[in-house]
Student: 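This structure is in structure tokens; I'll ask about it shortly.
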Amino acid sequence: MHDIRAIRENPAAFDAGLARRGLPGMSAELLAADAARRANILAAETAQAAQNVASKEAGSAKSAGNAAEFERLRGLVGEKKAEIALLNDAASVEDARLRDMLMRIPNLPMAEVPVGADETGNVEVRRWGTPRLMDFAPREHFEIAGVKPGMDFATAAKLSGARFVVLKGAVARLQRALAQMMLDVHTSEHGLTETWAPVLVKDDAMEGTDKLPKFAEDSYQTTNGWWLIPTSEVTLTYSVAGDILDAGALPIRMTAHSQCFRSEAGSAGKDTSGMLRQHQFEKVEMVSITTPETSLAEHDRMTRCAEAILERLGLPYRTIVLCTGDMGFGATKTHDLEVWLPGQNTYREISSVSVCGDFQARRMNARFKVPGGKPEFVHTLNGSGLAVGRCLIAVVENGQQADGSVDLPAALYPYLGGKTRISAAGALE
RNA sequence: GGAGAGGUGGCAGAGUGGUCGAAUGCGGCGGUCUCGAAAACCGUUGUCGGUUUGCGCCGACCCAGGGUUCGAAUCCCUGUCUCUCCGCCA
């Protein structure tokens, strides 16, 4: 959420930031709402002050036994009360209107983010690994002979419908191995704290991490009002909501492996085959809470943490910086990691690492303080480290052999009981 | 699911209708003392919003939201969270 005071002080800069995102200026409208809101507050508080005075006087009159004066003041208070009720209603309407407007405006990009309208404006920053030469036509993950027995879309459809999958045997084991490996690397080598949190959360948590109000249709809600998290960014980030953290405790670095749920509204027809885009998937998420001074360096660090997983698995990837038009709602800068998928003959997103500045912190009132100083909003960052399902796809597509078997990365052997490949018949061996 | 108890400032803990943003203790900060420190003593110490050039002034906040009352931390209702006991349960 944006700071209305900052907008008040420099509306032109705010509109310029929106323009870089390809959005029209909104400061005039915001400032009008802000002025209306403040006028209402002033009127309501003035009336309130008058009522408080009259109440006090009424008390004195009563204890002095002056019944007539008491009755007069009682009447006055009654009038004020009615007046205040109206003014307060108006004030809270204006306040809610302004807040809702602010909540729906995306974060502004950092100065260094390239300007662009859509994904064609993204800029590649580095590339790692070389796609393996295959002397056969590479297959997509769901077409590989060794994978097919363990990836059952028919049963998933029976259970849940489209965009779900049932994994079995070697493939299920492989997904578990990947998640375990990621958590182990992040905790023991990258210094993140392993965390396990609910996947059902309240409105506040979704709002604080900017999934609401604007993107309600992208997530699922239970009949009693809980939301199923679209990513554990929600739980990890919101864990510091309302806190005033000791500056010495920062950065806080967390990681979690969780189920994620997305309605994929608006994705109809996209990636309909295979398990690239599912309503329920597994992800290992990374979240950092930092000071404003360190957040940009932390962004690069977090990007490296995600890249390290791909490198360990020997998966070719490229890292891009998203342009202003392609960034997510809460981000000020985003790196996407795209992994090589031979079956699609292209790079596909497997991780997105964003620095959100104080955008989420302001929404959820998460602050830090140096001893003796004033509380200040923290900066928040989040990134996939990695999307486990997509990583599974990348591993089998890149490791596929002409005969339909799959060679697995050595980094996973310890997590697979020493097994090294999936046979063309689908057996781990 | 049933029964009961409770949510007050950084912490502990008073306050059960008015002058209470809230006693007291601890902690924090500043000072006196000291070569320095400790102890002791003195002072000070919440957040948010509005308004003002500024001093300041005003408003809100004792879990949240409603209500009663001239007036609510205090009374009533609802919600929520915590604790205890019972039941159920992976």
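Per chain, numbering begins at 1; letters A, B, ... match sequence-line order.
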Student: Given B:A60, B:G49, B:G71, identify the nucleotide with an atom nearest to the side chain of A:N52.
Tutor: B:A60
Student: Taking atom CZ of A:R253 and atom CE of A:M286, what is their separation to the nearest 0.5 Å?
Tutor: 11.0 Å
Student: Measuring only the C1' atom in each nucleotide, how far is B:G25 from B:U34? A whole number of Å is fine.
Tutor: 27 Å
Student: Among B:A60, B:U51, B:G71, which nucleotide has an atom closest to any side-chain atom of A:S55?
Tutor: B:G71
Student: Using Watson-Crick or G-U wobble geometry with both distances below 3.5 Å, tell me the partner of B:G30, or none.
Tutor: B:C42
Student: Can you tell me if CZ on A:R21 sees more than 12 non-hydrogen neighbours from other groups inside 6.0 Å?
Tutor: yes
Student: Under 3.5 Å for both donor-acceptor distances, Watson-Crick or wobble: does B:A73 have a partner, and if so which one?
Tutor: none
Student: Reading RNA chain B from 5' onward, which residue's closest nucleotide shows up sooner: A:K202 or A:R367?
Tutor: A:R367
Student: What is the distance, rounded to the nearest whole Å, between atom CG of A:N224 and atom P of B:G79?
Tutor: 15 Å
Student: Just name whichever nucleotide pairs with B:A64, Watson-Crick or G-U, keeping both distances under 3.5 Å, else none.
Tutor: B:U78
Student: Can you figure out which of B:C48, B:G18, B:U51 approaches the side chain of A:R38 most closely?
Tutor: B:U51
Student: Under a 3.5 Å threshold, yes or no: a donor from one side chain and an acceptor from the other, between A:Y238 and A:Q360?
Tutor: no
Student: Report the distance from atom CG of A:N365 to atom P of B:C61, rounded to the nearest whole Å.
Tutor: 18 Å
Student: If we take the C1' atom in both B:G66 and B:A72, what is their distance in whole Å?
Tutor: 14 Å
Student: If we take the C1' atom in both B:A5 and B:C63, what is their distance in whole Å?
Tutor: 16 Å
Student: Determine the interatomic distance between P on B:U44 and the same-named atom on B:C35; round to the nearest Å.
Tutor: 28 Å
Student: Parallel, tilted or perpendicular for A:H335 and A:H299, by the 30°/60° rule?
Tutor: parallel
Student: Report the nucleotide, chosen from B:G71, B:G50, B:U47, that has the shortest atom-to-atom distance to any side-chain atom of A:Q51.
Tutor: B:G71
Student: Take the protein atom CG of A:D34 and the nucleotide atom C1' of B:U51, then report the distance between them rounded to whole Å.
Tutor: 14 Å
Student: Write down the distance separating the P atoms in B:C11 and B:G67, rounded off to the nearest Å.
Tutor: 30 Å
Student: Identify, residue by residue, the members of residues 42-49 of chain A with a heavy atom below 4.0 Å from RNA chain B, and return them in order of residue number, or none.
Tutor: A:L42, A:E45, A:Q48, A:A49
Student: Counting only side-chain nitrogens and oxygens, does A:K81 get under 4.0 Å of the OP1 or OP2 atom of B:G71?
Tutor: yes
Student: Of the options B:G71, B:G49, B:U47, whose atoms approach the side-chain atoms of A:R5 most closely?
Tutor: B:G49
Student: Could you pick out which residue, A:A54 or A:A50, lies toward the 5' side of RNA chain B when each is mapped onto its nearest nucleotide?
Tutor: A:A50
Student: Expressed in angstrom and rounded to an integer, what is the separation of A:I244 atom CD1 from B:C48 atom P?
Tutor: 8 Å
Student: Name the pairing partner of B:G36, where a pair is Watson-Crick or G-U wobble with both distances under 3.5 Å, or state none.
Tutor: none
Student: Is B:U53 paired to anything, Watson-Crick or G-U wobble with both distances less than 3.5 Å, and if yes, which nucleotide?
Tutor: none
Student: Do the side-chain N and O atoms of A:R421 and A:S405 include a donor-acceptor pair separated by under 3.5 angstrom?
Tutor: yes
Student: In terms of side-chain heavy atoms, does A:S288 have a donor or acceptor partner in A:E298 at a distance below 3.5 Å?
Tutor: yes
Student: Please tell me if A:R37 has a side-chain N or O lying less than 4.0 Å from either OP1 or OP2 of B:G50.
Tutor: yes
Student: Within the 3.5 Å criterion, strictly below it, is a donor on A:T235 or A:S232 matched to an acceptor on the partner's side chain?
Tutor: no
Student: Is the phosphate of B:G49 approached by A:R99 (side-chain N or O, under 4.0 Å from OP1 or OP2)?
Tutor: no
Student: What's the CD-C1' distance between A:E57 and B:U19, to the nearest Å?
Tutor: 14 Å
Student: Quick one: A:D203 CG to B:A64 C1', roughly how many Å, whole number?
Tutor: 15 Å
Student: Tell me: CG of A:L98 to P of B:G50, nearest whole Å?
Tutor: 11 Å
Student: Going by purine N1 to pyrimidine N3 plus the second Watson-Crick contact, or the G-U wobble pair, all under 3.5 Å, which nucleotide sits opposite B:G9?
Tutor: none
Student: Suppose you measure atom P in B:U84 against the same atom in B:C29; what distance do you get, rounded to whole Å?
Tutor: 36 Å
Student: Taking any strand in view, what nucleotide pairs with B:G59 in a Watson-Crick or G-U wobble way, both distances under 3.5 Å?
Tutor: B:C48
Student: Rounding to an integer number of angstrom, what distance separates B:C20 and B:A12 when you compare their P atoms?
Tutor: 25 Å
Student: Answer yes if the ring centres of A:F359 and A:H379 are under 6.0 angstrom apart, and no otherwise.
Tutor: no
Student: To the nearest 0.5 Å, tell me how far A:I105 CD1 sits from A:M101 CE.
Tutor: 6.5 Å
Student: Rounded to whole angstrom, note down the C1' distance from B:C62 over to B:G7.
Tutor: 10 Å
Student: After noting the C-alpha distance and the side-chain angles of A:R104 and A:D100, does the key distance pass the side chain to side chain contact (heavy atoms under 4.5 Å, CB included) rule?
Tutor: CA-CA 6 Å; A:R104 290 169 183 275; A:D100 188 63; 3.1 Å; yes
Student: For A:I41 and B:U52, give me the distance from atom CD1 to atom C1', rounded to whole Å.
Tutor: 16 Å
Student: Write down the partner of B:G4 under the Watson-Crick or G-U wobble criteria, each distance required to be under 3.5 Å.
Tutor: B:C83
